[in-house]
Amino acid sequence: MTENEQLLERVAAKARSTRPWGWASLPAPVDGATSARAEAALGFPLPALLADLYLRIGDGGFGPEYGLLPLLDSPPSGEPAAVAQYLANRESGAKDPDWPWPEGVLPISHWGCAMYACVDCRSPQATVLLFEPNAGDADHAWYVDAPSLTDWLRAWVDGAGWYEEANEGPEPAAPWTGFPIRTGRWTGRRPGTTDTAPVEAS
């Protein structure tokens, strides 16, 4: 059994026994056609592990805090599904240049207070980002929550995430340096320096 298979089994076990706030039951997984429609609407493929969560465990309703958003179709009540949220954020960002939404960054879970956990679908490891806009500055609203979706899921099943009450840890503080490039806001210099080397995208 591969490492990912073992992780998926652990996630599935916790998903069956733990309901996030607002979810009465675990939704059925999506089918391949729904996943394909989601990717067509997004314009990019889902990372394999993220796709497996929806295809094999459930269409949202498990994970930290409020749980994963549904992938494509919204539930009868509640906020939009991940695809709809991404498209709305991209559209809103196009209208408001002060708050662009980076291409390829899919919101997957709502933390409350306008904060989201997001997956950078353009990064090989599917970096998980925290969007925290409450400081009022888009350039300082993006942080690396976990270097990969694998690490993020492990923290959840192990009860080791910063959001766990028992841990009392601070929110992620490492800024996501890919934001200026992914949104076209990069000036050719690293913030606060005269270094013109490209900034890493994730």
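Model, not experiment: these values are computed from the prediction. Computed over heavy atoms, backbone and side chain alike; hydrogens, waters and symmetry mates excluded.
Note: Y116 and H110 have parallel aromatic rings, judged against thresholds of 30 and 60 degrees for the angle between ring planes. By the 30° and 60° cut-offs, the orientation of the rings of W111 relative to W162 is tilted. Relative orientation of the W101 and W142 rings is perpendicular, given thresholds of 30° and 60° on the angle between their planes.
Between D145 atom CG and M115 atom CE the span is 10.5 Å, to the nearest 0.5 Å. For the atom pair CG (L71) and CZ (R37), the distance works out to 9.0 Å, reported to the nearest 0.5 Å. For the atom pair L69 CG and L106 CG, the distance stands at 8.0 Å (nearest 0.5 Å). Within the model, atoms CG of L42 and OH of Y86 stand 7.0 Å from one another, a figure rounded to the nearest 0.5 Å. One distance of note links CZ of R10 with CG of D158; it measures 4.5 Å at 0.5 Å rounding. Between the CG atom in L8 and the CG atom in N4 there is a gap of 6.0 Å [rounded to 0.5 Å].
The two residues P107 and A82 make their nearest non-hydrogen contact at O-CB, 3.3 Å. The two residues V83 and A38 make their nearest non-hydrogen contact at CG2-CB, 3.8 Å. Pairing each heavy atom of P147 with each of D151, the nearest pair is CG-OD2, 3.2 Å. The minimum heavy-atom distance between P20 and G63, with the atom names listed, is CG-O, 4.0 Å. Of all heavy-atom pairs between A15 and F62, the closest is CB-CB, 3.6 Å. When every heavy atom of L26 is checked against every heavy atom of G60, the shortest pair comes out as CD1-O, 3.8 Å.
Looking only at side-chain heavy atoms (C-beta outward), E39 and P45 come within less than 4.5 Å of each other. Annotation: side chain of L68 is in contact with side chain of Y54 (closest heavy-atom distance under 4.5 Å). Considering only heavy atoms from C-beta on, V30 comes within 4.5 Å of L55 through its side chain. Between T183 and P102 the shortest side-chain heavy-atom distance falls below 4.5 Å. Between V144 and L129, some side-chain heavy-atom pair lies under the 4.5 Å cut-off. A heavy-atom distance below 4.5 Å is found between the side chains of L53 and L153.
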### Task
Mind running side-chain contact (heavy atoms from CB on, under 4.5 Å) on I108 and W152 for me, showing each step along the way?
CA-CA 12 Å; I108 61 166; W152 192 76; 3.9 Å; yes
### Evaluation steps, side-chain contact (heavy atoms from CB on, under 4.5 Å), between F179 and V105
CA-CA 10 Å; F179 176 74; V105 175; over 6 Å; no
### Message
For a side-chain contact (heavy atoms from CB on, under 4.5 Å) check, start with the C-alpha distance between D59 and T34, then their side-chain angles and the critical distance, and finish with the verdict.
### Response
CA-CA 10 Å; D59 188 17; T34 300; 6.0 Å; no
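Between N89 and S92, the side chains place no donor N or O within less than 3.5 Å of an acceptor N or O (distance only, hydrogens not considered).
Distance alone, capped at 3.5 Å, is enough to place a donor-acceptor pair between the R182 side chain and the E103 backbone. Side-chain atoms of Y143 come within 3.5 Å of backbone atoms of H140 as a donor-acceptor pair (strictly under, hydrogens ignored). In this structure, S109 contributes its side chain and G67 its backbone to a donor-acceptor pair below 3.5 Å.
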